[in-house]
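We count ligands from 1, going down the list as the structure has it; atoms in each ligand are counted the same way. Values below: every heavy atom of this structure, side chains too, minus hydrogens, waters and symmetry copies.
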Amino acid sequence: MKRVFSGVQPTGNIHLGNYLGALKQFVELQDDHECIYCIVDMHAITVPQNPKELKEHILDVAALYLAVGVDPKKSIVFVQSDVPGHAELNWILTCNSYTGELSRMTQFKSKSQNKESAPTGLFTYPVLMAADILLYDTDVVPVGNDQKQHIELCRDIATRINNTVKKTFVIPEGRFLKAGARIMALDDPTQKMSKSAANVHSRISLLDEPNKIKKSIMKATTDSEGVVRYDVENKPGISNLMTIYSVLGNMSMEEIEAKYEGKGYGDFKKDLVEITVNALAPIKERYEEIRHSDELIEILKDGAERANAISVKTMARVKKNFGLGL
Ligand code: AMP
Ligand code: TRP
């Protein structure tokens, strides 16, 4: 069975972009892959975090994994910092990556923009991500489009080490969906939907109340043509809403276009509200059941043990190949 690894940062506001780009794939892959899903808390501290809130957000994301359908009987679910191998491998990979290639990462460039200096961890963030992936001999990494460059870097570092030191790592592949890999902000379809945008109506968080969902969708930016037609170039706003509609409502773009022929954006948006509210309601319900349960803690403890057992084997091989340790 092929091995799958992915992670989400515990920074609150998990949104439809995270769900449609990544989490949905997590669930789909479980039946015929060996899946490992991580809450990447060490990535979260590349920007300042309130320790109390971070702790809560770790459990929030863990509960959301389970609420969307990740099954701990099939998949390993754990917290990154509970497995020491991530930090250990991170250093070895750091010594085999270059400031030039890290400087080209667009996420770093945008996060450090207009700042005189940035935390070193923000700069080396993709190396820790490579460590996450390579630590488990991962074959497949399900993520949104925004992670493409990071996956490429991971492959470059692994290939470099395989060629110059010794064959050590499995070369992973990214897995990106056709629809949902890049959900845009509702208030500005030129920006991706993000956890950190100041305007709460730019995103739909998975735990939003129906009224908030309604408001955000009804306010969403469209265009003045008033025709429900999929055209990302010229009609990015309505096209983004159509992508959400299509995935959550299980309809093709052509079916949606036909359904709203001769109708305006108002009818379309009203239906999209209903589809979204109905899709998120069971997630919210399961989340509430599990979020404060002892079961959640047990699942994460068990997951960390199982992940650690795999990582220890990889680290022994890595250290041996590099000539490290006794
Ligand atoms: P993050 O919130 O950065 O930890 O991202 C978690 C996962 O969600 C990653 O696989 C991202 O690629 C994915 N993701 C984040 N934002 C979006 C978006 N707007 N559209 C699609 N996928 C996204
Ligand atoms: N960088 C990813 C993001 O922001 C999160 C992440 C960390 C990740 N480590 C990973 C994703 C390993 C996939 C595999 O979305």
Honestly, for Arg182 the part within reach of ligand 1 (heavy atoms, under 4.0 Å) is backbone
| message | With a 6.0 Å cut-off (strictly less than), is the heavy-atom count around NZ of Lys313, excluding the residue itself, greater than 12? | response | no
For Thr221 and Asp188, the nearest pair of non-hydrogen atoms, with its separation, is OG1-N, 4.3 Å
of all protein heavy atoms, closest to atom 20 (N) of ligand 1 is Ile183 N, 2.8 Å
Which pairs of donor and acceptor atoms, one on a side chain in residues 166-177, lie under 3.5 Å apart (sequence neighbours left out)?
unit_1	atom_1	unit_2	atom_2	d
Thr168	OG1	Lys166	O	2.7
Thr168	OG1	Asn321	ND2	2.9
Arg175	NH1	Gln25	OE1	2.7

(Q) Tell me whether Gly180 reaches ligand 1 (any heavy atom closer than 4.0 angstrom to a ligand atom). (A) yes
heavy-atom search around atom 10 (O) of ligand 1 in the protein gives Gly144 N, 3.2 Å
Check: In terms of heavy-atom contacts, does NZ of Lys319 have more than 12 from other residues, nucleotides or ligands at under 6.0 Å?
Finding: no
Ordered by chain then number, the protein residues lying under 4.0 Å from ligand 2 by heavy atom are Phe5, Ser6, Gly7, Gln9, Val40, His43, Tyr125, Met129, Asp132, Ile133, Val141, Val143, Gln147
Quiz prompt | Contact (N/O only, under 3.5 Å) between Gly17 and ligand 1 | solution = yes
Notebook entry, point to check: Do Lys24 side-chain atoms and Gly180 backbone N/O form a donor-acceptor pair below 3.5 Å?
Noted result: no
Notebook entry, point to check: N/O of Val143 under 3.5 Å from N/O of ligand 1, yes or no?
Noted result: no
Donor-acceptor contact below 3.5 Å, side chain Asn308 vs main chain Val83: no
- Query: Is the backbone of Asn18 close enough, under 3.5 Å, to the side chain of His15 for a donor and an acceptor to pair up by distance?
  - Reply: yes
Note: Ser194, heavy atoms under 4.0 Å from ligand 1, region reported as neither
Pi-cation contact, Tyr245 with Lys259 (under 6.0 Å, within 45°) = no
Lys269 side chain to Ala220 backbone, donor-acceptor under 3.5 Å: yes
Q: Report yes if Asn18 has an N/O atom closer than 3.5 Å to an N/O atom of ligand 1; otherwise report no.
A: yes
Report task. State if His15 counts as touching ligand 1 under the rule of any non-hydrogen atom under 4.0 Å. Result -> yes
Q. Do His86 and Tyr136 have their ring centres less than 6.0 Å from each other?
A. yes
#### Entry: Under 3.5 Å: N/O of Gln147 near N/O of ligand 1
no
Is there at least one pair of N or O atoms, one from Met193 and one from ligand 1, spaced under 3.5 Å apart? yes
ask   = Can an N or O of Lys195 be found at a distance shorter than 3.5 Å from an N or O of ligand 1?
value = yes
### Query
Taking N or O atoms only and a 3.5 Å limit, does Asp146 qualify as a polar contact for ligand 1?
yes
(request) Kindly indicate whether the side chain of Asn90, heavy atoms from C-beta on, has any atom under 4.5 Å from the side chain of Thr124. (result) no
Can you find a pair of side-chain heavy atoms, one from Phe26 and one from Cys35, that are under 4.5 Å apart?
-> no
Atom 3 (O) of ligand 1 has as its nearest protein heavy atom Gln9 NE2, 3.9 Å
